[in-house]
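Accompanying notes for the structure given below.
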Amino acid sequence: MHQFINGSYREGNGGQHQLINPATGKSVETLNVADSADVDDAVAAAKAAFPGWSRATPAERSEALHSLAAELGKRAEELARIETEQTGKTLRMSTEFDVPGSIDNAQFFAGAARHLQGQAAGEYSAEHTSMVRREAVGVIGSISPWNYPLQMAAWKILPAIAAGNTIVLKPSELTPGTTLLMAEAARDAGIPDGVINVVVGAGRVVGEALVTHRDVAMSSFTGSTAVGRRIMELASRRGNRVHLELGGKAPFLVFDDADVEAAARGAVAASLINGGQDCTAATRAYIQRPLFDAFVERVAELMSQVTVGDPTDPETDMGSLISTTHRDRVAGFIDRARAGGANIVTGGVIPEGLPAEAAFYSPTLITGLAQDAEAVQDEIFGPVLTALPFDSDDEGLMLANDTPYGLAASAWTTDLARGMRASSDIQAGCVWINDHIPMLSEMPHGGYKASGFGKDMSSYSLEDYTNIKHVMIDRVGQPDKDWHGTVFRTRKQ
Ligand code: NAD
């Protein structure tokens, strides 16, 4: 059963979809996907649950979220197994990164639920007292991608419900398992039926029905920039609020005083994490010319040592990509770069000795590309790093900013002033100095430019799921008010 509506599992009415394990190419199970009538039911359940949940005290919501964190902990092994089976990522990654990260998120939002901030109440006019209320928005319609299914579900669900909203989430139809399990864990944690609902189905059908539903007050989305723009367009028809976490093309800027070994190791880890299917992954390395050759040589050496294969084997470093369709899309970028004269320093092939129907691709480093090449400008979303040299600091920073995206970036230097300059001049929602990838529940994640707007994680995301209301109370108690002179010429003095 693959829909979770009003506290229980049920079948969808929208036909069938085969779920494939991309690391084997074999079918895992058959999904009965949702149709728009299932979306109606899920939204109705969320709408019915809203009055009760939005009026629960922060302490009650906090307690429920602490219980959810505990329920997720009880299911840690199952969550990791399903995450790996449906995405092809290593079990090591699911176990050590995805599951604990999501539990930590639940613990953070359990605390944050009790800590909404606002301006102090006071007499900003002598005749009135003003105060600010932060209120839940209503039913949130959320849509999440396949690369980190559990963490993306956590990033969408937790701040929304911590702030008193109810939610209907549509995960990617390729990877619904751990999102459904999270909804089940929430029910077992005592979160009331209808607060969290999950509908599984295709974006065009179920996703669009959710965004355009008359009872959905806000759409939050993580996924590609193209689909994000479609969601914005659909939401604009009803003037609804949107919260968009979109694609990325993170630069990795290495200045000539950097520690080359640290930068090379950082570049390999940050470009290959999750098979490179990470919106913040390092994708474009720019290296100041004196360090270029040493950096490229060391990155190629380290990439060639990465073991690609069975994601359940503890010896494996990188599992498969999400599907053979996506693998072929990634390979297409490399093939076109090669045909255009670029140098594939390492990788650029489907590794031998692995199942032909599985979606593996080798860690790939490319040099010799121009800044305007598609492999430098477009999101490949695979285990691919491009490396280009630069001369002056100004040029490096200019190149780092020269794509439509602005999600994340890093700068590598031992000079504090250079690091500080990079942190302010790079247009991205996150800039790391001498590292690239770590994230924290307490800190915001989100984009600039074509990478979207709105923040995930942190108290900023909690605020994103609230309406701000100004309440202004007359404290004089007279029928004639000072400002009435704008209308009553004969006003008494
Ligand atoms: P995608 O945009 O193809 O799909 C994302 C979700 O949208 C899926 O659930 C899909 O079914 C749904 N969808 C597709 N078409 C839709 C439509 N017309 N209406 C409504 N919903 C629709 O993205 P993907 O391939 O699943 O994920 C990869 C993308 O996600 C990359 O671009 C990556 O950078 C981005 N991403 C961004 C972040 C971030 O925090 N900024 C995090 C993870 C992934």
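Keep in mind that the numbers below use all heavy atoms, side chains included, and drop hydrogens, waters and symmetry copies. For ligands, and for the atoms within them, numbers begin at 1 and follow the listed sequence. Quantities reported herein were computed from a predicted structural model and do not represent experimental measurements.
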- Item | For atom 39 (C) of ligand 1, the option (of C279, G248, P176) bearing the nearest heavy atom | C279
- From the candidates L244, V227, V205, the one that places a heavy atom nearest atom 15 (N) of ligand 1: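 Ranked by closest heavy atom to atom 15 (N) of ligand 1, first place is V227.
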Which residue holds the protein heavy atom closest to [atom], what is that atom called, and what is the gap in Å?
atom                    : value
atom 35 (C) of ligand 1 : G223 O, 3.2 Å
atom 26 (O) of ligand 1 : W146 CD1, 2.9 Å
atom 41 (N) of ligand 1 : L246 O, 2.7 Å
atom 23 (O) of ligand 1 : S224 N, 3.5 Å
atom 10 (C) of ligand 1 : K170 NZ, 3.9 Å
atom 32 (O) of ligand 1 : E379 OE1, 2.7 Å
atom 13 (N) of ligand 1 : G203 CA, 3.4 Å
atom 28 (C) of ligand 1 : F381 CE2, 3.5 Å

Do you know which two heavy atoms are closest between [X] and [Y], and how far apart they sit?
X    : Y    : result
Q86  : I322 : O-CD1, 3.7 Å
P311 : T84  : CB-CG2, 3.9 Å
L253 : G396 : CD1-O, 3.5 Å
V216 : S219 : CG1-OG, 4.4 Å

Contact atoms of ligand 1, heavy-atom distance to [X] under 4.0 Å:
X    : result
L407 : 41 (N)
N147 : 43 (C), 44 (C)
E173 : 11 (O)
H445 : 39 (C), 40 (O)

Is there a polar contact between ligand 1 and [X], counting only N or O atoms under 3.5 Å apart?
X    : result
W155 : no
G207 : no
R230 : no
D456 : no
S451 : no

- E245, K156, Q151 screened by side chain to side chain donor-acceptor pair (under 3.5 Å) with T222, the one that passes: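 Option passing the side chain to side chain donor-acceptor pair (under 3.5 Å) with T222: K156.
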Is the shortest side-chain heavy-atom distance between [X] and [Y] below 4.5 Å?
X    : Y    : result
M93  : E83  : no
I167 : V139 : no
V206 : V200 : no
R284 : L388 : no

With heavy atoms only and a cut-off of under 4.0 Å, state how [X] meets ligand 1: side chain, backbone, both or neither.
X    : result
F221 : side chain
Q277 : neither
L234 : neither
S144 : backbone
P171 : backbone
V211 : neither

- Would you say the side chains of N21 and K26 form a donor-acceptor pair under 3.5 Å?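 Checked: N21/K26 side chains show no N/O donor-acceptor pair below 3.5 Å.
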- Residues S461 and D456: side-chain donor-acceptor under 3.5 angstrom: no
- Item | Qualifying residue for salt bridge (charged side-chain N to carboxylate O under 4.0 Å, His left out) with K89, from D98, D317, D278 |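 Single salt bridge (charged side-chain N to carboxylate O under 4.0 Å, His left out) partner of K89 among D98, D317, D278: D98.
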- Is the closest protein non-hydrogen atom to atom 2 (O) of ligand 1 under 4.0 Å?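 It does: a protein heavy atom is found less than 4.0 Å away from atom 2 (O) of ligand 1.
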- Task: With side chain to side chain donor-acceptor pair (under 3.5 Å) as the test, would you mind laying out the steps for N13 and D38 before giving the verdict?
- Result: CA-CA 7 Å; N13 296 304; D38 296 315; 2.9 Å; yes
- Ionic contact status for R75 with E71, cut-off 4.0 Å: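 Yes, charged N to carboxylate O under 4.0 Å.
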- Query: Around atom NZ of K449, are there more than 12 heavy atoms of other residues, nucleotides or ligands at under 6.0 Å?
  - Reply: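 Enclosed: over 12 neighbouring heavy atoms sit under 6.0 Å from NZ of K449.
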